[in-house]
Structures are given as structure tokens and as C-alpha cells.
Amino acid sequence: MTTEPALTEHRSPWVVFASAADPWPASETAALVRRNGLVLRLDGRKMRDSASVFRAFARDLSFPGHFGHTWDALVDRLHDWRGPGQGDQDLAILIEHADDLLDADFLEPFVSALARAARNSGSRLDGDGEPDQSRQRTAQHFVFLLDHTAPVAFMEKMARGVDVAVALSDGRLLVTLTDVDRPGGDPASDPWTAGPLSFADEEILNGMTIKAITLFRDHLGCSIHEAMNILRSRSEHLRREHPDAGGGGALPTTPARHGV
């Protein structure tokens, strides 16, 4: 069973993909502001490569000049971020118009870096992920807002991330870390999905579409519509990996770009 996302709490999911029409982000950001938290908005349309991601964060969060422009440096700077002159502050960053990031080759390390920074900030961990009781806990969360793309379309790509686990809840894609056994580990990760969604590959490659959809629905606890979107995403990946396979050739070549 997945955990309801909450931007005001020191727990996962650390990253959420949601529709811009979903009332949840507005409700949660309003609750965060009432508790003196800070909400920042970045434009996903300007994140064309990793360099532009680093520039956007450095500019909007006023990172120091020695910011290293790497994913590990982004984790460190977010972890050490203390708000604009108001001491330790809870933080939510909304990445708006994030649809095109579905095709970005840097998306997996980007999301992993955000999740690691949020985990460390919410668990009194130092920059190396070790316990540090002298640190103040702060809540950090990151929300990718999608104008046209169904959040579930990102699931297959996110599940292939090295250290993340994913789940679906109320049409949103939730992301946590697969680190339940390490200091500050996230117990929510245990029942979530991590690793390639490969359990239906044989059915996809052999054109057994209905069976593949059923497998996705049963394994992931999602709707038929969501399972169809996951099937499209996985089929596109397999088409690149196995260009000579015939079974998936009749499937759409891109994931659905509309809400579930």
C-alpha cells in the first residue's frame, strides 16, 4: 500500500509526478505556506540538458559560486539549503511544464538526486548520508507538473533508475529511494516497484497484448488504462533494445501524452 504524498512531512514520496489539473499540488503547497514553508517554481521547458538544470537551480535557489554543477553537488547544495535568510525552512519545488522531460536522457539521475537530497534533509543525515543529530530536519519535496502527459507514462523510465522505487496512487506517480536498510532508510520503499518492468517482456515481444496489460495491472495494482500506458512505454523501450522483434511492432511508438 502506498503512502499518501504530503509536502509538509519529513517522509517520502520525495518526488511526485502529477497533472497540472490535479487539485492536490495547490492544496499541499497552501498547507506548506501556512506552516512558513517555501514554494519555488521552476520551468521544465527550460531544462533541455543537465547543464540547464544546474543553472536553473543555482539561479533560483541562489547557490554559492563554487557550486560544482554535478548531480552529487546538486544533492549537497539542496541538502545544505537554508532558505532566503529565514533559517531552516521546509521546501517544495514545483517543476512546471515538465512534459518534455519524459524524453530527457538525464531524467533518471535528476530524479535520483532530488530524492537523495530530500531523504537526507528529512532524516538528519549529513552530506554522506550518515546520521548527524546536530542537523535540523527539514521537509523537502519535488513535484513535476504535467500539462498533457499522463504521470503513468513516466513509470517505466523511472523504474529503471538505479536507486529509486515507484508507485501509482490516485493517478500520480510517486518516487522514493530503495534504501530501507541504510541509515535514514525509507521503509516505504519495500513494497514499491524498482528495476525494469520486465515481467511482461515475453508477452510484449510475442504480441500478447491483452496478457501483458493484465500482468501490468495485477503486478502494479493499477487501472487498465494505466497498464496500457505502461505497456506503450515498455514497448518503446523494447523496440529500441530489440529492433528485429516482430510482436510489438503494431503497438504505438510513444507513450500516451494525455491524462489517465
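The figures that follow rest on heavy atoms only: side chains count, while hydrogens, waters and symmetry mates do not. Owing to the predicted nature of the structure, the values given are computational and were not obtained by experimental measurement.
- Between the Gln140 side chain and the Leu78 main chain, a donor and an acceptor come within less than 3.5 Å of each other.
- No side-chain donor-acceptor contact under 3.5 Å links Asp43 and His97.
- Summarising the geometry, atom CZ belonging to Phe154 is positioned 6.5 Å from atom CG belonging to Leu107; distances are rounded to the nearest 0.5 Å.
- Sequence neighbours left out, the pairs with a member in residues 152-162 that pass side chain to side chain donor-acceptor pair (under 3.5 Å) are Glu156-Arg160, Glu156-Arg234.
- Summarising the geometry, atom CD1 belonging to Ile204 is positioned 12.5 Å from atom NZ belonging to Lys211; distances are rounded to the nearest 0.5 Å.
- From Ile213, atom CD1 reaches atom CD1 of Ile230 across 10.5 Å, with rounding to the nearest 0.5 Å.
- Between the side chain of Ser27 and the backbone N or O of Pro23, no donor-acceptor pair lies under 3.5 Å.
- Annotation: the span from Phe216 atom CZ to Asn229 atom CG amounts to 11.5 Å, rounded to 0.5 Å.
- Val164 has its side chain out of reach of Thr178: every pair of non-hydrogen atoms, C-beta onward, lies at least 4.5 Å apart.
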| request: Could you check Leu42 against Leu94 for side-chain contact (heavy atoms from CB on, under 4.5 Å), going step by step and ending with a plain yes or no? | output: CA-CA 6 Å; Leu42 280 65; Leu94 308 185; over 6 Å; no
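- Ser12 places no side-chain N or O within donor-acceptor distance of the main-chain N or O of Trp14, the cut-off being under 3.5 Å.
- Between the side chains of Thr138 and Asp90, not a single donor N or O lies within less than 3.5 Å of an accepting N or O.
- No side-chain donor-acceptor contact under 3.5 Å links Asp22 to the backbone of Ala18.
- Listed for the His141 side chain is a donor-acceptor partner under 3.5 Å among the backbone atoms of Glu9.
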| message | Show, in sequence, the C-alpha distance, side-chain angles and deciding distance for Ile93 and Val143, and conclude whether the side-chain contact (heavy atoms from CB on, under 4.5 Å) test is met. | response | CA-CA 6 Å; Ile93 293 182; Val143 182; over 6 Å; no
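- Both Ile224 and Leu173 sit in one connected hydrophobic cluster of ILVMFWY residues. Membership requires side-chain heavy atoms under 4.5 Å apart, directly or through other members.
- Relative orientation of the Phe110 and Phe57 rings is perpendicular, given thresholds of 30° and 60° on the angle between their planes.
- Side-chain atoms of Ser52 and Asp49 form a donor-acceptor pair, as typed in the model, at a separation below 3.5 Å.
- Annotation for Val152 and Leu168: closest pair CG2-CD1, 3.8 Å, computed over non-hydrogen atoms.
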| request: Given salt bridge (Lys or Arg N to Asp or Glu O under 4.0 Å), test Arg45 with Asp99 step by step and report yes or no. | output: CA-CA 8 Å; Arg45 294 171 298 187; Asp99 301 68; over 6 Å; no
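- The ring of Trp81 has its center no closer than 6.0 angstrom to the ring center of Phe63.
- Side-chain atoms of Ser112 never come within 3.5 Å of backbone atoms of Glu108 as a donor-acceptor pair (strictly under, hydrogens ignored).
- Using bins of under 30°, 30° to 60° and over 60° for the plane-to-plane angle, the ring pair Phe67/Phe54 lands in the perpendicular bin.
- Distance alone, capped at 3.5 Å, places no donor-acceptor pair between the Ser169 side chain and the Arg172 backbone.
- A salt bridge is defined here as a Lys NZ or Arg NE, NH1 or NH2 lying under 4.0 Å from an Asp or Glu carboxylate O, and Arg116 with Asp72 meets this definition.
- Once rounded to the nearest 0.5 Å, the distance linking CD of Glu4 with CG of Leu174 reads 8.0 Å.
- Summarising the geometry, atom CG belonging to Leu215 is positioned 5.0 Å from atom CD belonging to Glu203; distances are rounded to the nearest 0.5 Å.
- At distances below 3.5 Å, at least one donor-acceptor pair connects side-chain atoms of Ser223 with backbone N or O atoms of Glu226.
- The side chain to side chain contact (heavy atoms under 4.5 Å, CB included) with Phe144 is formed by just one residue from the set Thr149, Val175, Val111; it is Val111.
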